[in-house]
Amino acid sequence: MTPKAGHLPVSFFPYLLLRVLPVAAIIMTAIGAAGLIATQNIAEEKADELLAEQSAYTRTIVQYRIDNIGAQVENLSVNALIVNGLIDLEGREGYLPAFFRNLRLAGHPQAKIELADYKGRILYKNGNSNGVYVPPGQLREQVIENGWKWSRLTADGLALVYPIQYANHTEGAVIVTLGKSGLGRLFDIGTQYNETVIVDADGRAITSSSSDFASAGSVFVNSGNENRRLASSPLEGFTGVKILTMQRNDVALAGQHWLRNVLIVGIAIALAALGGAIAFTAFIAKRDVSRLSNVIRKIGETKDMGQRVVPSGPAELFVLSEDFNMMLETLQRTTASFDYVDSIISNSVEGIVTIDSAGLIETINPAATRTFGYSEQETVGQNISLLIPRDGSAALNQLLKNTDPGAATVNQQQTLFGQHKNSTPIPLELTVTPMNVDGDYKFIGIFRDITERQKAERALQESESRYRQLSELSSDWVWEMDENLRFSYFSPSFEKVTGTDPSFSLGKTRQEVSAGELSSDRWQAHLADLAAHREFRNFCYGFVGPDGRELRISINGRPIFDDDGSFTGYRGSASDVNPSAQGKKGTGSGPD
Amino acid sequence: MTRLTIRTFVTLMVLSWGHTSWNTAALAEETGPIFIGLDADMSSGAAEGGEAIRRGGDLAIRDINGKGGVLGRPLKMVVRDHRGNPARGKDNILEFAAIEQMVAVLGGIHTPVALHELKDIHDGKLIYLSPWAAGTPIVDNGHSPNYVFRISVRDALAGGFMVDQAIKSGHKKLGLLFERTGWGRSNERAVKTALKKLGMEPVGLEWFNWGVVDVSAEVDRLIQRGADAVILVANPREGGIALKAMADRPKNKRIPIISHWGITGGNFFADNRDALANVNFSFLQTFSFLKPPFPDRAKEFFAAYQRTFPETMRPENVLSPVGAAHAYDIIQILAKAVTMAGTTDRPKVRDALENIKFYAGLMKDYAPPFTPTRHDALDSGSFIMARYDANGAIRPLDLK
């Protein structure tokens, strides 16, 4: 196939469809899958990192607020008026109630603030009632006896108990508590990208940014929610309290999902392209094959070999169309040649018969049917012995056994007898030629009815016989000269009449065997005739033989020309006109 | 602390189990030691004062026990630390009051603690002996019978003494810088009364709280009002802060500080050595080994002191000598009262305390120490002014 510029080979489509696109799809899928696997961990790590950052960020905010509360409580615990209140029992009623009445934590005005003595007994408190219970045991052990700051954050609320130190000893405590309603303000971190749940040491949700994840006060359970990502940050100063930042996996791994979707869409597009290419190829092939089919059908219907296909489509079909057209042209030429040959065969004066290797007639031309008197229908399929019976048939069969083109019998002309439909024998001149057709030998027999020729030959033989007999009996002879006017032939009578071997004269001019007198008028006139290639009559001259004896000869001559009109010599008769010979004959004139 | 609390609880439970067990317990204890409680700051800002009292009391008990004890029974001190915190003191008193053989309680430096304890002292009929706390209302407490006896400064007298000292030193415009407690208020009344008698008024009164970290604003205000001296009522911690506020002022804008004696209850000198060198700072005292009222008694006392506390090389090294001396005298007087009463029954001992005719003490010849109408054994005749010398020894001003 010769590739055609601008026309993709049709194999491109199946190659594309069956090899490239599936392989590409598999490779794409494999690379995509590998990429997804490879990037999954990275994406998850990144998501966790971001989530941890978010969690840390939230923790920073919450930690700051709680630390801020702690700082305020710390300030209260070292506030000299409060410290003094622990000592000045008789006077404190004058100033501590008023002080506590207006005491509020900045940012958390609903916080309950209490002053406890060294045993945790509450001495004073502000006007807020929304606090949480602080166990006295913990208060005493942690704050009074150890002088440690004690703080607790649970779903019930926040409690901070800070020791009041005097001269390095704990003499009382400031207790700040925030109940559930107060926690809302503490943990209100505004709208964030992720959801936040803060859980206490018992796992109960202190606050939740979304009821989808947890409700405040209930135990937070994350199990069974594998579609969530979760980052945890501990809140300093509150053992077990954790800030959980959560994100749905589909949000956290949106980039990864996007990648996956792109891959799916890519594969879908590739498959769609595959399907489209299949459809397109089918359309192209069907269209172009249909065009070809239509042309073939039309040729079949109309025998019009002039039909042509307009080449189009993929390269192979394009080339097929061109090849088809070329085939049509060849076929058209072949058909014309066949008609020509058929015409020759039909119009040939020679009979032509083809027979198969079994001797059955396959074709017969009109000349043959005329020769034998049978019609074509009567002969095709019949054995050749129908036309050439008896000994002729046997000879032919012998001939047919030899298929060697080099054999002596092949291509040699045979003369034998056929038989006319009316049983009349017909002399034939036959030439048989074998031909190999697809490994099977067939024979072409070409013959000529030689009945008329044999008649003419017989007539000629009779004429020649009569002429020979006549010339043998007469005293005349026949001579011939070539174009150089030298003797080339003498009839047998010459020797008989003249007693001279013809070889003496052959190759010589007449002048060379004459007895002189060449300058006479007669000779001059004769030579002029010869030169002019004119016929002459009754020219007498003296012939001198090898023995020196002179004979008087009278000759007649006629020039000879070939088909082209070229002079080729003279032919004529001669007779001995010597007196002795005259007497015998009684005719003719004497020598000059 | 927890163990003691449990013991108190158990004791209370035992006591509540009817008379049989009560009597049995009482009989058993009559042959055991007689307890004297010590309720003072033993570890906080005025711990040195508490330790001085403990040492004085301890020396007295050793002396008494060395002579056969009281009623044939040894005296034994039970120490409880109130750290200057009235709530702790109150709990200590409740604990002491529950102990049958606890004949009396020796108090500490802090007037506010003593004031807060008064009700429980009297509810428990617990004899309260004050060797230091000077608040006038501690003794003038309105209770009758009055279970409080004091061998110490009485603010009502101290106020007048300090004013007198100021006037004598040429000061005419006194600024008052007092702690916001019952002790401060006790001195407010005393000082204002004393000034009023002189037809004067303080140029200003500034209060400060326990736990305060800076009183320079208060000092500034007093000086801006023209004060040429400051009368200071403070314990060691806040006294040091006031001293520092004065020392931090430009040299020519510093004024003298005449201080009540509360500052001597702790490590005042050690903590304020530099500031003391830059401020004219004098303070009230009663007893000094350097100029004792009775040198022989003082010498004998110091000898005993040095035997018991051998690290004390010289008399001026005795911790807060006023606390030691007052405690020594008052325990000796208590022993006499118990002997006189012939019992440890506290109301009877209390009555006996009012009826002792004489006791020759370190501070004075008590003749008598107390009367039914006078539970303060000292008067201003026992008062002196003093200052720290370069080595931290308390040196009377008039000591040559």
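All heavy atoms count here, side chains included; hydrogens, waters and symmetry mates do not. Each chain gets a letter, A, B and so on, in the order its sequence line appears, and its residues count up from 1.
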- [ ] Heavy-atom pairs under 4.5 Å with chain B are the metric here; pick the option from Ile82(A), Leu123(A), Leu86(A) that has the most.
- [x] Leu86(A)
Open item on the list: Around atom OH of Tyr57(A), are there more than 12 heavy atoms from other residues, nucleotides or ligands closer than 6.0 Å?
Closed with: no
Open item on the list: Using only atom types and a distance under 3.5 Å, with no angle test, would you say the side chain of Asn84(A) pairs donor to acceptor with the backbone of Arg180(B)?
Closed with: yes
Open item on the list: Heavy-atom cut-off 4.5 Å, strictly under: side chain, backbone, both or neither for Thr111(B) against chain A?
Closed with: neither
Task: Note: Asp117(A)-Arg88(B) ion pair, threshold 4.0 Å (strictly below) - done: no
Open item on the list: Nearest 0.5 angstrom please: Asn85(B) CG to Ile164(A) CD1, how far?
Closed with: 9.5 Å
Task: Spacing of NE2 belonging to His116(B) relative to CD belonging to Glu90(A), to within rounding of 0.5 Å - done: 11.0 Å
Task: chain A contacts, top residue of Gly45(B), Gly182(B), Gly266(B) (heavy-atom pairs, under 4.5 Å) - done: Gly182(B)
- [ ] State, with a plain yes or no, whether a side-chain heavy atom of Asp88(A) is found less than 4.5 Å away from one of Glu179(B).
- [x] no
Open item on the list: Does the structure place the NZ or CZ of Arg83(B) under 6.0 Å from the centre of the six-membered ring of Tyr118(A), at an angle of no more than 45° from the ring's axis?
Closed with: no
- [ ] Any chance you could measure Asp41(B), atom CG, to Tyr166(A), atom OH, to the nearest 0.5 Å?
- [x] 8.5 Å
Task: Ser43(B) side, atom OG; Asn168(A) side, atom CG - distance, nearest 0.5 Å - done: 9.5 Å
Open item on the list: For the NZ atom on Lys112(A), are there more than 12 heavy atoms of other groups (residues, nucleotides or ligands in this structure) within a distance under 6.0 Å?
Closed with: yes
Task: Over all atoms of both residues, closest heavy-atom pair of Gly84(B) and Ile87(A) - done: O-CD1, 3.5 Å
Open item on the list: Please classify the contact between Leu89(A) and chain B as side chain, backbone, both or neither, with a heavy-atom cut-off of under 4.5 Å.
Closed with: side chain
Task: Spacing of Leu81(A) atom CG and Asn209(B) atom CG [to the nearest 0.5 Å] - done: 5.0 Å
